[in-house]
Amino acid sequence: MKKQKILKLREKQEMTLNICKKKLMQKRKQEKTLNINKKKLVTKKLRRQDPLFRQDEKTKDHKAKRKARNNPEYKKQEMVHKRLQRSNLVFRSKEKEKELALKQKARKNITYRKNELAAKKVIRSDPNNLEKERLAKQSSRRKNPKKDRHVNKESKKRKREDEEFLQHETLLKKKKVYRSSIDECEKTFEEKTANGPSYICTSCHQTWFKDSVVSAEAIRKSSTSIALKCLTNFRSVENKEWICHTCSVAIKKQKIPRFSIANKMGFPLKPKELQLYPLEERFVSPRIPFMQIRELPRGGQLSVKGNVVNVPVDVQPIVNSLPRTLDESGTIPVKLKKKLEYKNSDYSENVRPHAVVSALHYLMNTSELYQNSGIEIDKNWIDKITKSVEVCRTENIDEHIEEENSDCFNLTQDTQYTFAPGEGQKPLSLYSDPNAEYLSFPTIFCGQKRPDNKERDVEVHYSDIVKWELRAADRRVAQSVPNIFFKLKKIQLKNINDKVHLALRRCKSDNKKWTAKDILNPGTVNDLVRLDEGYYIFRSIRNSPVYLEKRKKDVFSMIRQLGLPKWFGSFSSADTRWNDLLRILGKLNDGKEYSDDELENMDWHQKTKLVQKDPVTYSRFVYYRVQQFIKIVLKSDHHPIGKLTDYFYRVEFQQRGSPHIHMLMWIEDAPTYKVSSNEDITEYIDKHAPCWKMSKT
């Protein structure tokens with residue numbers, strides 16, 4: 001029994017040993033296979049570094065997959081598996097990154113790139129494919145615009161490393177601007193200047209040209225607090241909301257634009273009581289800006305001669321001298337003079353006394369400036385007028401003459417009123433009288449002051465305010481020629497005070513040495529000027545002798561560097577023949593869009609009146625037209641006068657008041673007189689300025 005038990009135990013032990021040996025053998029086999037697999041992987045990795053082996057392996061894989069895909073069940077399973085994987089966003093993004101990386105590597109090969117471009121051209125030849133591509137790009141831009149822009153920038157950077165692509169891109173840009181021929185180039189010039197400054201910014205309400213504005217859609221979609229505060233939903237051309245580049249850049253930087261309505265730029269609302277004619281406005285103005293405004297002989301445009309003098313006047317005697325018994329539409333002839341003894345008058349016009357008194361009544365009720373000016377009016381004047389409307393005009397005038405005895409008022413035998421409100425008054429400086437502009441032009445400012453810089457979010461200088469008022473969609477300043485000259489005078493005085501330079505006389509200095517410390521002392525400078533040892537020079541003041549001398553030196557330096565100019569050009573504005581200009585002026589000032597037939601039926605006098613009404617828009621249009629002509633036509637690849645390398649021009653104003661330009665132009669590789677042969681010179685002239693003899697028949 002014991003022996004049997006021992007034998008069984010031994011058998012069991014042998015069995016367990018055999019099992020352990022088998023397991024060890026299996027493990028060793030597995031290790032051997034793993035080592036073999038590892039070696040295979042290493043060898044495969046080493047082999048795959050060889051591009052030829054890699055290509056062969058890929059082709060084998062592709063062949064195997066193609067064979068397997070012949071089975072429809074396998075294909076379905078593969079599609080389902082791919083859809084499940086792509087439902088995971090992380091997997092999808094990784095897959096796209098891999099595809100992009102593979103394409104970028106492949107595109108380094110020139111042949112692959114050429115083949116890809118050829119294939120794209122074939123696909124894009126079908127308009128349906130083009131439309132699909134456009135829609136796909138549009139949807140991707142809407143989903144992630146920042147990423148799309150970044151990708152476009154990066155791809156363009158890579159493409160621009162190739163010189164051929166760069167040349168192709170520049171050619172496309174030039175074709176877009178200059179077109180294929182000089183005739184089409186002229187058409188683009190006409191199209192560019194057709195609309196003029198009729199685009200109104202929704203933020204600052206200024207009039208701009210097409211180049212200066214963009215659509216406000218993107219900024220409105222951003223829906224930032226500053227964007228919502230600045231955009232006013234103002235629509236102009238094509239019934240779209242436009243925004244100028246200045247306001248757009250400021251809003252993108254999360255700043256309030258300095259010219260915006262949100263920065264308290266704007267005019268007060270103009271009531272019907274202040275719809276006055278020029279002489280009526282003078283009667284309710286506590287300040288009269290005396291200036292000699294003349295109508296030029298041809299064109300009827302206005303010019304100023306001499307100085308602008310700010311004279312304080314007393315409104316009280318003028319208003320008291322006007323007859324009160326006239327109805328609302330009644331007028332009286334009035335002349336305004338500097339002195340009663342002078343023969344010539346500064347203003348001569350029919351005046352509505354009812355309109356004058358009602359305007360003054362409105363200003364006294366609404367304006368602090370007028371309330372502090374010491375003017376007194378009868379608040380019951382309307383009742384008195386209605387009671388005495390039936391009284392004869394001549395009787396009323398006779399009674400009025402007996403009542404009033406004023407030094408500044410006179411009535412002639414032909415019942416014409418003559419006033420000299422500024423006689424005996426002492427003129428005030430424009431800077432010592434800060435309210436001069438508001439009191440001189442009540443129809444513009446309605447007796448209200450502009451907001452102070454302390455009330456604004458962004459400070460604005462006076463010169464910037466002037467620019468805004470002249471470019472504003474509300475044309476009340478641009479149509480007031482006296483106010484334009486008033487602003488010009490004020491800015492000139494400021495520039496003279498800010499930019500004056502000092503020059504010392506050689507013969508008067510007595511070999512004295514002046515240091516910077518002495519010159520910076522205002523007392524020393526005043527003594528130098530007072531003792532005639534020095535004088536001021538206005539180097540930066542436009543059209544001053546020193547400024548013109550500086551510009552002359554600039555031209556001489558250009559001649560020394562570039563040689564003699566090859567062309568001399570004169571450009572005059574054909575204001576009465578530019579239908580685009582007349583259409584813009586009618587739209588901005590009269591609120592009327594003139595048709596081509598209406599413009600053709602207009603006589604010369606009507607056209608000149610339109611130009612005279614808004615000289616600011618007219619001047620801007622001419623300047624813009626000249627700049628676009630130089631940029632689009634003269635500098636084009638068609639070279640109508642040769643390749644333009646540089647130019648210099650000066651603007652003058654003709655006898656009719658219109659701008660006139662004289663221009664010097666330098667041309668590359670143009671023949672030079674007494675250097676080039678006569679044949680080259682005649683060939684150049686015949687090419688660019690041909691002429692021929694007209695036959696008598």
Side-chain angles (χ1 to χ4, degrees), residues 277-279 281-283 285 287-313 334-349 418-431 433 436-437 439-441 443-444 463 466 469-470 477-497 536 538 540-548 551 572-573 575 605 608-609 611-620 622-623 650-662:
Y277 292 106
L279 190 53
E281 183 183 21
R282 295 280 69 83
F283 282 170
S285 305
R287 302 285 187 276
I288 294 182
F290 276 104
M291 59 188 86
Q292 196 173 352
I293 295 175
R294 295 179 175 182
E295 193 173 289
L296 293 169
R298 277 189 63 81
Q301 295 186 52
L302 302 173
S303 68
V304 68
K305 185 179 179 182
N307 203 356
V308 177
V309 183
N310 176 38
V311 181
V313 297
V334 173
K335 285 185 178 181
L336 195 70
K337 295 182 179 181
K338 290 178 182 176
K339 283 187 177 182
L340 286 172
E341 60 189 29
Y342 289 172
K343 289 183 180 179
N344 295 329
S345 60
D346 292 278
Y347 293 95
S348 180
E349 208 172 64
T418 305
F419 294 96
E423 189 171 356
Q425 300 289 341
K426 187 179 179 181
L428 298 173
S429 170
L430 295 178
Y431 276 94
D433 188 8
E437 193 170 2
L439 295 172
S440 298
F441 302 98
T443 57
I444 294 173
S463 56
V466 170
E469 289 179 352
L470 292 172
V477 169
Q479 292 175 1
S480 175
V481 174
N483 187 245
I484 293 170
F485 289 134
F486 183 94
K487 291 178 191 295
L488 175 66
K489 177 66 179 175
K490 194 170 180 178
I491 289 171
Q492 281 180 344
L493 285 172
K494 190 177 185 301
N495 289 340
I496 288 166
N497 290 330
Y536 290 119
F538 311 123
S540 55
I541 306 301
R542 193 180 288 272
N543 285 332
S544 65
V546 184
Y547 175 85
L548 295 174
R551 300 303 292 160
S572 297
S573 62
D575 41 8
H605 181 71
T608 52
K609 278 290 179 187
V611 174
Q612 183 192 16
K613 198 170 186 179
D614 191 351
V616 176
T617 302
Y618 168 56
S619 301
R620 289 177 70 196
V622 172
Y623 177 77
R650 181 183 172 180
V651 182
E652 298 173 354
F653 287 87
Q654 298 171 333
Q655 201 174 15
R656 63 192 176 104
S658 299
H660 179 75
I661 289 171
H662 296 299

Spatial distance of atom [atom1] ([X]) from atom [atom2] ([Y]) [nearest 0.5 Å]:
| X | Y | atom1 | atom2 | result |
| --- | --- | --- | --- | --- |
| Asn307 | Gln292 | CG | CD | 11.5 Å |
| Arg287 | Leu430 | CZ | CG | 11.0 Å |
| Glu437 | Asn483 | CD | CG | 5.0 Å |
| Glu349 | Lys335 | CD | NZ | 13.5 Å |
| Tyr342 | Asn344 | OH | CG | 10.5 Å |
| Ile293 | Ile484 | CD1 | CD1 | 9.5 Å |

Among Asn310, Val309, Val481, Val304, which residue meets the side chain to side chain contact (heavy atoms under 4.5 Å, CB included) test with Met291?
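Exactly one option meets the side chain to side chain contact (heavy atoms under 4.5 Å, CB included) with Met291, and it is Val304.
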If you compare all heavy atoms of [X] against all heavy atoms of [Y], which two are closest, and at what distance to 0.1 Å?
| X | Y | result |
| --- | --- | --- |
| Ala478 | Pro615 | O-CD, 3.5 Å |
| Ser345 | Ser348 | OG-CB, 4.1 Å |
| Thr443 | Glu281 | OG1-OE2, 2.6 Å |
| Leu340 | Phe419 | CD2-C, 4.3 Å |
| Ser285 | Ser440 | OG-O, 3.4 Å |
| Ser573 | Val622 | CB-CG2, 4.0 Å |

Under 4.5 Å between any side-chain heavy atoms of [X] and [Y], yes or no?
| X | Y | answer |
| --- | --- | --- |
| Leu428 | Pro312 | yes |
| Tyr623 | Val651 | no |
| Pro421 | Leu336 | yes |
| Tyr431 | Lys490 | yes |
| Val477 | Phe441 | no |
| Lys613 | Lys609 | no |
| Tyr618 | Ser658 | yes |

Let's go through Val616 and Glu469 carefully: what are the C-alpha distance in whole Å and the side-chain angles of both, what is the deciding distance for side chain to side chain contact (heavy atoms under 4.5 Å, CB included) to 0.1 Å, and is it a yes or a no?
CA-CA 11 Å; Val616 176; Glu469 289 179 352; over 6 Å; no
More than 12 heavy atoms of other residues, nucleotides or ligands under 6.0 Å from CZ of Phe290: is that the case?
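Above 12, so yes.
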For Lys487 and Ser480, what are the C-alpha separation, side-chain angles and deciding distance, and is it a side chain to side chain contact (heavy atoms under 4.5 Å, CB included)?
CA-CA 11 Å; Lys487 291 178 191 295; Ser480 175; over 6 Å; no
Evaluate side chain to side chain contact (heavy atoms under 4.5 Å, CB included) for Ser303 paired with Phe653, printing each intermediate quantity in order.
CA-CA 10 Å; Ser303 68; Phe653 287 87; over 6 Å; no
Please determine whether a side-chain nitrogen of the Lys or Arg among Lys337 and Glu423 lies less than 4.0 Å from a carboxylate oxygen of the Asp or Glu.
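Here Lys337 does not pair with Glu423 in a salt bridge, since their nearest N and O are not under 4.0 Å apart.
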Determine whether Arg656 and Asp575 satisfy the following criterion, side chain to side chain contact (heavy atoms under 4.5 Å, CB included), listing intermediate values before the conclusion.
CA-CA 11 Å; Arg656 63 192 176 104; Asp575 41 8; 3.0 Å; yes
